[in-house]
Protein chains: 2
Amino acid sequence: MASIKDVAAAAGVSVATVSRVLNAHPSVSADARSRVLAAVAALGYRPNAVARSLRTDQTHALGLVIGDVLNPYFTELARSVEEAARALGYSVIIGNADERPDLQDHHVRTLLDRRIDGLLVSPAPGDSPLLLDAARAGTPVVFVDRWIPGAEVPVVRADGRRAVRDLVAHLHLLGHRRLAIIAGPAGTTTGSERVTAFRDALAAYGLPLTDELVGHGDFQAASGRRVTEGFLDLPEPPDAVFAADNLMALGALDAIRARGLRMPDDIALAVFDDIPWFVHTDPPITAIAQPTGDLGRAAVRALVDRIEGRTAESVTLDARLVVRRSCGAPAPVLIPPTSPMRRSTPVQRSTP
Amino acid sequence: MASIKDVAAAAGVSVATVSRVLNAHPSVSADARSRVLAAVAALGYRPNAVARSLRTDQTHALGLVIGDVLNPYFTELARSVEEAARALGYSVIIGNADERPDLQDHHVRTLLDRRIDGLLVSPAPGDSPLLLDAARAGTPVVFVDRWIPGAEVPVVRADGRRAVRDLVAHLHLLGHRRLAIIAGPAGTTTGSERVTAFRDALAAYGLPLTDELVGHGDFQAASGRRVTEGFLDLPEPPDAVFAADNLMALGALDAIRARGLRMPDDIALAVFDDIPWFVHTDPPITAIAQPTGDLGRAAVRALVDRIEGRTAESVTLDARLVVRRSCGAPAPVLIPPTSPMRRSTPVQRSTP
DNA sequence: CTGAAAGCGCTTACAG
DNA sequence: CTGAAAGCGCTTACAG
């Protein structure tokens, strides 16, 4: 592969001059510039980004560590992140933690070794000293979706509490009284927050959320199935199940189908995270939709702000309930989104 | 961040010795080794992969350019690719072409600039001189799923012809005679091959595939909807529609649902690429399943063979029909997988 | 406007 | 076994 030396030789100038035209430095004569450009074209020269990064100490790459690539929520997030990053001149390297802290650390380490300019993370369950150390040591880090309390790191996320209240109101109106939740790992914020939101919303109706009605999953499909089977084996199974993410809902559907039960007559189901297929399931599934694209864009903006030396702010967007038929609504109805709530707090007080 | 110099100073040795213990070079005294290790631990030193890459001319990174991250088929592929690559000591950088040749080229260029050790590509429609030039110039390249004829590049893919024949037999048995296909872009092999396979299979039953029954999509959802609406507007709409990928099937479902039609009574639907949600749609959808994980693993094996100087072979695996109820089967039936066919051809004659 | 030179953080023959 | 030195491909003060 041609190097800058080859270009310099072909153009009859020094490598410094080649570098200058490549980097649009003003002080280059028109003549030199055109000879360099001609040589570049003739040789099909492309600057070696590795060498450039070593010299400039920037890679123009962002790391994105997500919980699970098989989760459509995260792929939609990844897509918007890449798009926003590209618009700002950065590329993104995705690491799939597969919901495993060890795999997450593997990716964080690899990304750090490769000297990415900044890190976007949706932390897997468990604590990650590695990640926190990196942030403390000065690597620009931003949390998306999930976050680790106490870290001096901006957080970009959706607050689902209002939507969960709307969901519980919907379930209550339809006569469901015995409500269960398939929770995510307690070691993640989304794992615990969604349970808390659900419990609080139930309390407003005087409904308790007993331990037997809180199943502990890991955000992946198999756990949703296992937990749902446990619910169905209860002496008194729940009327309605709320899955804290779409993959656990997939597992729940498997379990419900395997028992020959029918939704919503035998059991109702609602899900955190809306995906395109929920319109076409049997029955269509009531879900809480996050503004995923907006989250990705806001997260990139915050991270690039940090990278480029500006202050970054935490961002909290609103989620909303999308009513379909899986809980017993008579017909597909869309609760219109309320005026989008949007709170921003400076990073110093970034614990939302 | 601590550099190798800092470690050397802390350990009281030269940077050469530090480098040797880091790279497990045999000729280092036990004493030096332990002092270096202690210094590494004390400083939390991590070698700079950028500098190492510049020096060794290898990044231990693989590029993977896929058609669309929002397509569950590609994310499953990406997952198995990353897993297999990790087991061999490589990390993978995913580029999402979003089915656009220009975006594909952007990612190929970026990956090449970053000097990835090899490239796994499922080419977007249209020809990519950039990609072909890179392969010709010696960058290890392997095609997965889709490929470009005439290139001296190994191809790892599934052959769906037998499964398509099984599908047509299934449709014919159920009485469907007017069959349509939502094709992918003609500029991709999977776009054209699936139409050919379908046409050939129909011909065996004396059924023609007229132009009005071949809709041209782009493998994304919106096109599936548009094409399906066209089919439904025909004076004589088809009895059954075969979508060449799962996202176009999603669009087809949208169109069918919007007209208030019912599957399979009003119209049958079958899809290339099986995904977990197809068990739970209304009705469950008959699909052709690829051995996606195997494809990803075989592709990595082939690419790493090339990178490490061994010869790589093209691999063709078999796809299989999974019958559900969307075409009118009375009950869920699984056609047992036949003995897995597996053909391998040396790369020299890699045009499968 | 231009070039020689230093240096980014590593690895690796070479000499001892 | 160990270290001094060269060099990977760039960028960027510095001097002219």
Side-chain angles (χ1 to χ4, degrees), chain A residues 1-37 39-40 43-61 89 109-117 137 139, chain B residues 1-37 39-40 43-61 89 109-117 137 139:
Chain A
M1 206 160 285
S3 85
I4 196 171
K5 275 186 196 169
D6 302 312
V7 176
V13 297
S14 71
V15 296
T17 297
V18 175
S19 179
R20 288 195 189 95
V21 348
L22 259 25
N23 293 289
H25 187 101
S27 44
V28 183
S29 68
D31 177 54
R33 181 184 318 279
S34 66
R35 294 213 319 272
V36 167
L37 261 17
V40 165
L43 296 171
Y45 171 73
R46 295 247 85 212
N48 182 329
V50 174
R52 178 177 281 178
S53 292
L54 179 60
R55 183 53 230 247
T56 61
D57 201 33
Q58 34 182 357
T59 52
H60 282 283
R109 198 174 338 247
T110 303
L111 291 165
L112 254 20
D113 287 353
R114 293 191 191 282
R115 298 297 190 269
I116 41 91
D117 291 342
T139 303
Chain B
M1 205 160 285
S3 84
I4 195 171
K5 276 187 197 166
D6 302 312
V7 177
V13 298
S14 71
V15 296
T17 296
V18 176
S19 179
R20 287 196 188 92
V21 349
L22 259 25
N23 294 288
H25 188 101
S27 43
V28 182
S29 68
D31 177 55
R33 181 185 317 279
S34 67
R35 295 215 316 275
V36 166
L37 260 18
V40 164
L43 297 171
Y45 171 72
R46 294 246 85 211
N48 182 329
V50 174
R52 179 176 280 180
S53 292
L54 179 61
R55 184 52 230 247
T56 62
D57 202 33
Q58 33 181 357
T59 51
H60 282 283
R109 200 176 334 252
T110 304
L111 291 165
L112 254 20
D113 286 354
R114 293 192 190 282
R115 298 297 189 269
I116 42 90
D117 291 342
T139 302

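The sequence lines fix the lettering, A, B, ..., with proteins before strands; numbering per chain opens at 1.
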Looking only at side-chain N and O atoms, does [X] come under 4.0 Å of OP1 or OP2 in [N]?
X: B/Ser14; N: D/dG3; value: yes
X: B/Asn48; N: C/dC8; value: no
X: A/Tyr45; N: D/dG9; value: no

task: Using both pair distances under 3.5 Å as the test, note the stems of at least 3 consecutive Watson-Crick or G-U pairs that include DNA chain D.
output: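 Consecutive-pair runs (3 or more) involving DNA chain D: C:1-3 with D:14-16, C:5-12 with D:5-12, C:14-16 with D:1-3.
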When the distance from [atom1] of [X] to [atom2] of [N] is rounded to whole Å, what number comes out?
X: A/His25; N: D/dT12; atom1: NE2; atom2: C1'; answer: 9 Å
X: B/Gln58; N: D/dC8; atom1: CD; atom2: C1'; answer: 13 Å
X: B/Asp57; N: D/dG7; atom1: CG; atom2: C1'; answer: 13 Å
X: A/Leu54; N: D/dG9; atom1: CG; atom2: C1'; answer: 9 Å
X: B/Arg115; N: D/dC8; atom1: CZ; atom2: C1'; answer: 12 Å
X: A/Leu22; N: D/dT12; atom1: CG; atom2: P; answer: 12 Å
X: A/Arg55; N: C/dA6; atom1: CZ; atom2: P; answer: 13 Å
X: B/Arg52; N: C/dT12; atom1: CZ; atom2: C1'; answer: 13 Å

Using atom types as modelled and distance alone, determine if a side-chain donor or acceptor of [X] lies under 3.5 Å from a backbone N or O of [Y].
X: B/Arg35; Y: B/Ala11; result: yes
X: A/Ser19; Y: A/Val15; result: no
X: A/Arg46; Y: A/Met1; result: no

message: Once hydrogens and angles are ignored, does a donor-acceptor distance under 3.5 Å link the base of D/dG3 to the side chain of B/Arg20?
response: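 Between D/dG3 and B/Arg20, which were checked side chain against base, a qualifying N/O pair under 3.5 Å is present.
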query: If you check every side-chain atom of B/Ser27, which of D/dC8, C/dT11, D/dC1 has the closest atom?
result: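 Minimum distance to the B/Ser27 side chain belongs to D/dC1.
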Touch check for [X], heavy atoms < 4.0 angstrom, all strands: base, sugar-phosphate only, or nothing?
X: A/Thr56; answer: sugar-phosphate
X: B/Val13; answer: sugar-phosphate
X: B/Thr17; answer: sugar-phosphate

message: Any non-hydrogen side-chain atom of A/Asn23 less than 4.5 Å from a side-chain atom of A/Arg52?
response: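 A/Asn23 reaches A/Arg52 side chain to side chain.
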- request: Find which nucleotide of DNA chain C each of A/Ala16 and B/Pro47 is nearest to by heavy atoms, and output the residue with the more 5' nucleotide.
  value: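 Looking at DNA chain C, the more 5' nearest nucleotide goes with A/Ala16.
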For A/Val40 against A/Leu22, the heavy-atom pair lying closest together: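 Smallest interatomic distance, heavy atoms only, reads CG2-CD1, 4.2 Å.
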message: Assess whether a salt bridge exists between A/Arg109 and A/Asp113, defined as any Lys/Arg side-chain N lying under 4.0 Å from an Asp/Glu carboxylate O.
response: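 Salt bridge between A/Arg109 and A/Asp113, a charged N being under 4.0 Å from a carboxylate O: no.
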task: Measure the spacing between CZ of A/Arg55 and CG of B/Leu54 and express it to the nearest 0.5 Å.
output: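 CG of B/Leu54 is found 12.5 Å from CZ of A/Arg55.
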